[in-house]
Enquirer: 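What follows is a structure written as C-alpha cells; I'll ask about it next.
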Amino acid sequence: MAPPPRGGEVRAEVALPGGSSRCGAERKCWRRAVRAERRAGLQEQEGRMLSRPKPGESEADLIHFQNQFLAARASPAVKIVKKADKRKGEEGSTDAERPPLQDSKDVVMLDDFPDVLPALTPGPPKKSKSASVHFEDEDPEERLESHDRHITAVFSKIIERDTSAVEVTMPVPTGDPFPRTFHRSEIKSEVKVGSGRKSIFAQKMAARRAAEKEATAPSAAECVQVRSAPRDALDPEGSTEEAPRPGNRDDPSLVAFLKSRRGVNVGQKNELKKEQNRPEEFVESLTVPQHGVGASLSIQESDLEESVRKEENMKMEMTDDDLPVKPKKEWIHMDNVEFEKLEWMKDLPSPRQKKTKKGMQARFSLKGDLIPADADLPTHLGLHHHGEEAERAGYSLQELFHLSRSQVIQQRTLALQVLGRIVQKARAGEFASSLKGSILRLLLDAGFLFLLRFSLDDAVDNVMAASVGALRALLVSLDDEKYLDWTFSWYQGMAAFPFVPNNEEEEEEEEEELTGTEKSQNKKLKDENKPDPDVARYDVVKGLLKTRIQHRLRYILEVVRPVPTVVLDILHILTHIARHSSEACSQLLDCPRLIDTIVREFIPTQWDPHVAEPGCLLTSLHGVACSAAMKFIRVLASGGRNATARLLNKFEMKSRLIRFIAEDPQDLLLPKEEAIRLSTEAFRLWAVAAGYGQACDIYRDLYPVLVRILQSLPELLSSCREKNPVRELSVQRATAVITLLMHVTQTAGCTVELQAKLSSNSSEGSDQIPPPPVAWNQVSGLQPFIETGLKKILQEISQTETWQTLQPLTTTYMIYLGVYYRACSQQPSVNPIDCLEELERLTSEVLQPLLSQPAIHSMWDLLRPCSALCNPLSCSPGPESVLSIISLSCTGGKPPLNLVGSKSPFPFLTALLFLINSITHIHKGLISKYSSVLSFGGLKDYLHQSWQTGPPSVTPSSAWMLRHEYHLQYFVLTLAKRMAGTCPDYRQHASLHHCVALALLSRLLPGSEHLAYEVLLDLAFNPEFLPEGKTGGPEAADFSDILHLGTSAKLAQPGSAAAASSKPTRGALLKESYQNLPVIRSCYLSHFVHLQPALVHSQASYEGRNYLIQSMLLPEVKGPILPSDWPFFPLISLYNKVTNAETRGAVLNSLPLDLVNTVTWNLQWVLLLETWRAKTLQSIPTAAKLARLMCVFLTGGDLFLEAPIHCYTAALLSIYCQPKALDSLNLDAPLPGLASFHDLYISLLEQFEGVSFGDPLFGVFVLLPLQKRFNVHLRLSVFGEHTSILRALGVPLQQFPVPLERYTSPPEDNLNLLRLYFRTLVTGALRHTWCPVLYVVAVAHVNSFIFSQDSTTQEADAARKSMLRKTWLLVDETLKKHLLYYRLLNAESPLGFDLYEQLPPMRLKYLQTVIQKENKENTPVLVS
C-alpha cells in the first residue's frame, strides 16, 4: 500500500484506467459496463454447472471451486490485456509466457510485488505503469502530456490546498430547530469591488458578523466558540478576526468532544504537516536544528544595485486589459468582477532588485549556479515553480530541501543533484564574493548530512546515485587528493596528518591527568553514547561511521552495482574516510565483504579486453581494474602495519601487486592514462608496505622488472621534450618507483641490525622482529642506475619547461641517494674507504657543479615568495571551510608561487640539503665544500623573514605545508651546526641561525619530535650560536645599565630579605649563564621526557628503521609540540608538581638542591634570551612572562630567598619593568595556560602573607598588578580582604622600578575603593613607614577625590564632602596635612610627593564652604 501524501498534499485528480481524469458521468458509465460484464460472466459460469460461492462457505470451499474451474478449462468471463512494460522488454511481460498454474498447489501471483519488504525510504517506491489500460477514444494529446519528460513536467503536479487545520465557527444559537441557511444576498452592504484585499464573500460575511454582534443577547456570548469559517484561499487577510480557541470558554465536555473529533481527523492523516504555512520546518525527520536555511543565506548588499523601476509601478490598479481572458457579464456570478482573485492569471512581473539594505534570498539554477536577483529568465527553463518571489528564477536552499522529501522520484533526484552541484561550487569558492555566510555551514546545521544519509538508503537507483554524488561533493576535494599524491614522493611525504577535526572544546578539565591511552578510550566511550547528530556536529566522518555508512556503501557496490560514476564517487568517499584515522581504517577493514567486493570487482587480475578499445563507453566498472580502487587500498594501508598485513595476506593484494607491476602499462588492457595511474598506485601501495618492512619478499621476483624500468627512465627526457600528453603521469609513475626502491633500501639496511639482535636475544625467548627477506647486496646494485639518471636530468636544468616537468623525479633521485649512503655507511660488508671515495666523487662531479648553476641561484630566491611562513594567506582555510570536515583548501588548485605550486623550490632544495647533510654526516672533510650553501642571498633573506613572522596558525590547510617547510629549515640548521666548528668565517651567520632554531622549536608539529630533540640537543644551547658570550656581550650589558640605555627610568633592583650581600651586575649574571649552557641543556632535556614515546616513533621514521614504524598517519595536530613559552617550562613543571603535592595534603617545607638548581638554570636561560635574543620571545605576552616568574614565589616556602634565584629574578624583573614592557603589559586579556590571573594573584597575596618576610622583590611582584589601568578587583583584594600585607609591603620608593604615575593617574573613580583607601589611612593600617608606595597612592587618590568639584552622583558628592570634613577633624596632624596639602608626585622627595605650603584659594574656599555647612548643621564627626 502506498504511503499517504506528505505534507498534507491532497491530489486533485483521480487516476482512471484510461490514464486521464474523466468527468463523473463518464465514470458512472464505465462502472456500469464493468458490472454488467461481470454479471454476464457469472451467469455463463452458472450455466456450466459452476455454482457461485455463497455466504458461510469456508476458504477450503473457495479453493475447491477454483480447482473445479481450472479442471473444466473454461474460459474466463473477462480477459485482461496488459501493455508491454518498457523496462522488461516487449516480450517479457505477456501472460502467454508465464508458467501455467499447477493443480497440485494453490499459487497466487501478484504483478510487480517484491519478494522482500520494501525499505523505509523518504518517498514511496516507484509505481509500475505496466498495468495501465488505454481506451480507444482517449485523447492523443493527453497521452503525450502524460509521457512528457521536459523539466517543467517534473513540477506540474497539481496539489489541492489542505483545509483540515482551518478554523471553523459553530453557528449562533437560534430558536429554530435548525440554523437558517445564510444567503449573502440577504445582507445589504455596499460592496467595493477591488478595494483592499477582501473578496465579495468576505465582505458579506463581515457585514453579517457585525449585524449578529449587535443583535446577539448577552447569554449567547457565553457559548463555546470553535474554529471560524474557512478563510479565503487567495486572500489571507480576508478574515481579519480569528475566533478564540476551544478551551477558552465553558462546557468542558463539548471542548473534549471537539478535540477528540479533531484528533480523529489528524489521525487519519498520519504525517500531515502544513509545510506551506510553516516553511522553516522543511525537513521533517532531521534531528539537527534547521532554522532559516533560506533566510540566513542572502545575496550581499554590495551586489544589490538599486533598480531604475519605481516602487509605485507595482501597485497599479488592475483592469480588464491586464487579463488574458476578458470576463463577460452574461457569465454566471461575473456581474461583480473581483480582480484580486483573477490576479494569478496575469503574467509574472519582471524581476527587480529591492530598494533595501537587507540582503535578498539566494536562488540557484538547476546547474547549481547562483542566479542574480534581477536576472530575467524565461519560464520554460523550469526555474519558476515556487511560491515565494514568484517572479524570480531559481530555487532557494529551503525549497530544494523541501523538494528532496517529495514523493515523486524525479523531484527527489533533481533536488539532491542540484544540492550536490551547489556544494561543489561553494567549496570551489564561486559564491564567496556574492553571498554572506557559509553555504556548507548552513546546510550542515540544517541536517544536510543526514538528509544524504537517509537518501542513501532509498530503494530507487537514481535517488541513491544523486545522494552519493552530493556526499562526495560534501566530503571529497579531488584537488586535495591531487596535491597529496603530488607530495607523496617528497621527503617524508608518505606520512600525512589524519583528517581528524580538532575538538578541544569537548575535552573536559578532569581528563588532564589521564594518559594518552586512557584519554582515547574515554573519548571512544563518550562518542559511542552520543547521538549521531552530536558526533557529526564535531566530526562528520565519525558521525557517518556511527551510522554504519560503510555497510550501505558495500551493499550498493555489491548488490546494486551502479554505473561507473557512482562507483568512482563511492571509492573517493571511502578514500576520504580512510584518511580520517587508524580507527576509521579498522572499521572499513572489519566491514563484512567490503574489501572483498572492492578487490574482486575493481582490482581483478583479468577483465574484458574491449575496455581498452578507443571510444569504448563503459557501462559498468564491475570486473574492470580501476586505479581509484588501488588508491583506496593504498590509503587504507597507510593506516597501520597491521592493516597492511591483512590487505597483503587475507585479501590477496600481494598477488595483485605482482600482476600490475610485472606488466608494463602499455600492455595492460586499459585506456593509456588509466593504465599508467593503475601502475602508479600499485607502486605506491608497494612503497607503503615496504615502509613497514613488508612485501619485500616479492622484490627478488620483480627485480628484473625494476631494473628494466630504471633503464627506461632516461627515455622520459625525450617524451618531455615532445610534450607527450601523458608525460606528467609517466613522471609520477617514475617517482613512485624510486620511492619504492628507497624504502626497500632502508629495509635492507636494517637486516644486519635485526640479525644481530635476534642472535643476541635468542636465549631469552622473547618475541623478536625477524630480519626482512632482502639483504644489502640485493639493493646495492641500484645506486649506479639512480646516479646515471640524475646526471642526465641535471643536464637539462637550463631548459626551464623540461626541468620543471622532471623536477619531481630529480627530487626522488636525491632522496634515494641520501638514504642509500646513510645506510651504506652502517653496513659491515662495505669498505668505508670506498664509501668515502664515492662521496668525494659525487661531490666534485655532480653537486658542486650543480650549486654553481644559475638555475639553482634563482631557486634560492624563490624560497621567500613560495614560503607558507612568509605568506600566511597561501595556506589559509578556504571560504567554505568547516571545522567538522577536514579540507586542505586546495580546491581550484594552488598558484605556481606556492609551497606546493608548480614552481616551488622547496621539494628539490629540501632533497638537495638532505643529500648534503647525509654526505657531511659521513664525510666530515667535505663540510667546507658546501660552505657556499649558507651564503646564498635568497636563503638568508628567507630565513631572516621567516623567523620574524608571528606564530603561524596551525590548521589542517596549513599543517601539511608547514611540515615540509620545517624540513628545509632543519637541514639548513644541521648544516650550519657542522660548519660552526669547522669554518672560521661562519660566525657572521650564527645569530641568524640561532634565532631560526629557537623559532623552529616552538613551531615544529607532532610527528617531528625527533627534529625538536636534535634542535634542543645540538643547536638551541650551542655556545657557537651565541657569539655574544665570547665577544663582549656581558660587558656591553653592564655598560648599557650604567648609561641607562633603552630606558628612561633607573634600572632599580629590589633588595633581599636574606642576609645582605653584594649584588652581581647583569654582565656577571650573563657570563655565568653562558658558562652553564651545557647543564642548562641537560635540565631542559630532562623536562621534556614526557615526549619520549612520541620521540621513539618519530626517530624510527626519520632514521629509516622501517620495522619500528607503526603507521604512516602522523599524530593528530592540536598545535605545536612545544608551547610558545617553552623557555619557562621547567619552572612551570616544578610549580605544578608542588601545587599537586599540596593539593593532596603534603607540605613541602624544604626543597632539594636539584630543584633549586633547576629554577636557577631556568632563570639563567630566560635571562640569556631576554638580553641577546629578545625578539624570539616576542610571541609571549609580558603578562604571561610575569605570571611565569610568579611561580618562583609560589613554589615552596622560601625558595625565592636563595641567593642565585633572587638575583636572576631581580634581573629579569628590571627588564620587564622597562617602559616598553610596561606599556605592553595587559593583565585583563586572557593569558595562554592561565585560567584566571585574578586567582593567581590571590594565591600570590596569600603566599606573601605567609612566607614573604617583607622581601622587597616579592613586594614588587605584589605591587605590579595594582596599577590604575588594571582591573579594580585586584586593588579591592588588597585593601579589602588582605589589608594585613600592608604592614609587610615595605618596598622602598628608591627600589621600586615602576613610576608612581602609573598608579595615580587617572584619578580613582571607584567609590568603594576610595572609601577603603580613606579607612586604611585613618585607622593606621596603611602608614608611610610600613608601605610607602601604596601610602603615596592612597593619599594622592583621596586628595584628588575630596577636592574634586566635578559634577557627579549624589552619593559620590556626599561621600567626598564627608571625607573632607573627617579629614579636617583628624587628630593625626601629619596625615591631615598630607591629605589636605598634597600637591604632586616627586620621586626625589623622601615622602614621594610634594606638599603645598598653603592651600590654593579655590581649595581653601571649597574647604571653608564644606566646614561652615557642617557647623551650621551641627553634625557630629564620626570616623568610619
Side-chain angles (χ1 to χ4, degrees), residues 1053-1054 1056-1057 1123-1143 1148 1151 1155-1156 1158-1160 1162-1167 1170 1177 1180-1202 1204-1218 1221-1222 1224-1267 1270-1271 1273-1275 1277-1278 1282 1285 1288-1289 1291 1296-1298 1333:
Q1053 290 192 7
S1056 172
S1124 59
D1125 60 347
W1126 68 268
F1128 295 91
F1129 189 80
L1131 184 57
I1132 298 173
S1133 177
L1134 177 60
Y1135 167 73
N1136 291 333
K1137 185 183 300 183
V1138 172
T1139 304
N1140 293 336
E1142 293 178 350
T1143 302
L1148 299 179
L1151 296 174
L1155 296 182
V1156 176
T1158 297
V1159 176
T1160 303
N1162 192 165
L1163 296 175
Q1164 287 176 344
W1165 176 239
V1166 175
L1167 180 62
E1170 289 287 0
L1177 299 179
I1180 308 175
T1182 306
K1185 297 176 183 178
L1186 282 175
R1188 271 64 175 169
L1189 280 185
M1190 288 179 180
C1191 295
V1192 174
F1193 303 97
L1194 296 174
T1195 301
D1198 54 355
L1199 176 67
F1200 62 94
L1201 294 179
E1202 298 288 338
I1205 294 178
H1206 198 280
C1207 292
Y1208 284 102
T1209 305
L1212 288 171
L1213 179 64
S1214 65
I1215 296 176
Y1216 297 147
C1217 289
Q1218 294 181 9
L1222 291 176
S1224 64
L1225 184 62
N1226 184 8
L1227 301 180
D1228 298 330
L1231 301 178
L1234 192 62
S1236 170
F1237 182 83
H1238 183 269
D1239 296 341
L1240 179 69
Y1241 186 68
I1242 296 300
S1243 302
L1244 190 72
L1245 293 180
E1246 295 172 351
Q1247 187 79 353
F1248 185 85
E1249 289 176 331
V1251 297
S1252 69
F1253 301 104
D1255 183 70
L1257 179 63
F1258 201 163
V1260 173
F1261 277 88
V1262 173
L1263 292 172
L1264 268 177
L1266 301 181
Q1267 299 177 44
F1270 297 141
N1271 198 321
H1273 293 286
L1274 300 176
R1275 301 189 289 278
S1277 300
V1278 173
H1282 300 276
I1285 70 171
L1289 204 55
V1291 181
F1296 190 60
V1298 183
V1333 175

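Along the sequence shown, residues carry numbers from 1. The basis for the numbers below is simple: all heavy atoms, side chains too, and nothing from hydrogens, waters or symmetry mates.
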Enquirer: Heavy atoms, side chains only, cut-off 4.5 Å: are Asn1226 and Leu1231 in contact?
Expert: no

Enquirer: Identify the heavy atoms of Ser1277 and Ile1242 that sit nearest to each other, and give their distance.
Expert: OG-CD1, 3.6 Å

Enquirer: Using modelled atom types only, decide if a donor and an acceptor are shared between the side chain of Tyr1241 and the backbone of Val1262 within a distance under 3.5 Å.
Expert: yes

Enquirer: Under the criterion side chain to side chain contact (heavy atoms under 4.5 Å, CB included), I'd like the reasoning laid out for Leu1155 against Thr1195: C-alpha separation, chi angles, the key distance, then a yes or no.
Expert: CA-CA 10 Å; Leu1155 296 182; Thr1195 301; over 6 Å; no

Enquirer: I'd like to know if the side chain of Ser1214 reaches the main chain of Ala1211, judged simply by a donor and an acceptor atom lying under 3.5 Å from each other, with no hydrogens or angles considered.
Expert: yes

Enquirer: Side-chain contact test, heavy atoms from C-beta onward, threshold under 4.5 Å: evaluate it for Tyr1208 versus Val1159 and give yes or no.
Expert: no

Enquirer: Would you mind reporting whether Glu1170 and Trp1165 have side-chain heavy atoms less than 4.5 Å apart?
Expert: no

Enquirer: Any chance you could lay out the side chain to side chain contact (heavy atoms under 4.5 Å, CB included) test for Leu1213 and Leu1189, step after step, and finish with the verdict?
Expert: CA-CA 9 Å; Leu1213 179 64; Leu1189 280 185; 5.6 Å; no

Enquirer: Pick out which of Pro1130, Ser1133, Pro1127, Cys1191 makes a side chain to side chain contact (heavy atoms under 4.5 Å, CB included) with Asn1162.
Expert: Pro1130

Enquirer: Just verifying a value: how many Å separate Phe1248 CZ and Phe1193 CZ, rounded to the nearest 0.5 Å?
Expert: 10.0 Å

Enquirer: Return the CD1 to CD distance between Ile1205 and Gln1164, rounded to the nearest 0.5 Å.
Expert: 10.5 Å

Enquirer: Between CZ of Phe1261 and CG of Leu1263, what distance do you get to the nearest 0.5 Å?
Expert: 11.5 Å

Enquirer: Does Phe1128 reach the side chain of Ile1180, with side-chain heavy atoms less than 4.5 Å apart?
Expert: yes

Enquirer: Which atom names give the shortest non-hydrogen contact between Val1291 and Pro1256, and what distance separates them?
Expert: CG2-O, 3.6 Å

Enquirer: Under a 4.5 Å cut-off applied to non-hydrogen side-chain atoms, are Leu1227 and Asn1271 in contact?
Expert: no

Enquirer: Using 0.5 Å steps for rounding, measure from the NE2 atom of His1206 to the CG atom of Leu1163.
Expert: 12.0 Å

Enquirer: Kindly compute the distance separating OG (Ser1236) from CG (Leu1234), expressed to the nearest 0.5 Å.
Expert: 7.0 Å

Enquirer: Quick one: are Ser1252 and Leu1289 in side-chain contact, heavy atoms under 4.5 Å?
Expert: no

Enquirer: Work out which heavy atom in Leu1274 is nearest to a heavy atom in Leu1266; give both atom names and the distance.
Expert: O-CD2, 3.7 Å

Enquirer: Ignoring hydrogens, what is the shortest heavy-atom contact between Gln1267 and Leu1225? Give both atom names and the distance.
Expert: NE2-CD2, 4.2 Å

Enquirer: Short question: side chain of Arg1275, backbone of Phe1270 - any donor-acceptor pair under 3.5 Å?
Expert: yes

Enquirer: Run the side chain to side chain contact (heavy atoms under 4.5 Å, CB included) test on Asp1125 and Ile1132 for me, step by step, so that the C-alpha distance in whole Å, both residues' side-chain angles and the decisive distance to 0.1 Å come before the verdict.
Expert: CA-CA 10 Å; Asp1125 60 347; Ile1132 298 173; 3.6 Å; yes

Enquirer: If I compare all heavy atoms of Thr1160 with all of Val1156, which pair ends up nearest, and what's the gap?
Expert: OG1-O, 2.8 Å

Enquirer: So which atom in Ile1285 and which in Glu1249 form the shortest heavy-atom distance, rounded to 0.1 Å?
Expert: CG2-CG, 2.9 Å

Enquirer: Side chain to side chain contact (heavy atoms under 4.5 Å, CB included) between Leu1177 and Lys1185: does it pass, once the steps are laid out?
Expert: CA-CA 9 Å; Leu1177 299 179; Lys1185 297 176 183 178; 3.9 Å; yes

Enquirer: Kindly compute the distance separating CG (Leu1240) from CG (Leu1186), expressed to the nearest 0.5 Å.
Expert: 10.5 Å

Enquirer: Evaluate the ring planes of Phe1258 and Phe1200, with Trp represented by its six-membered ring, and classify them as parallel (under 30°), tilted (30 to 60°) or perpendicular (over 60°).
Expert: perpendicular

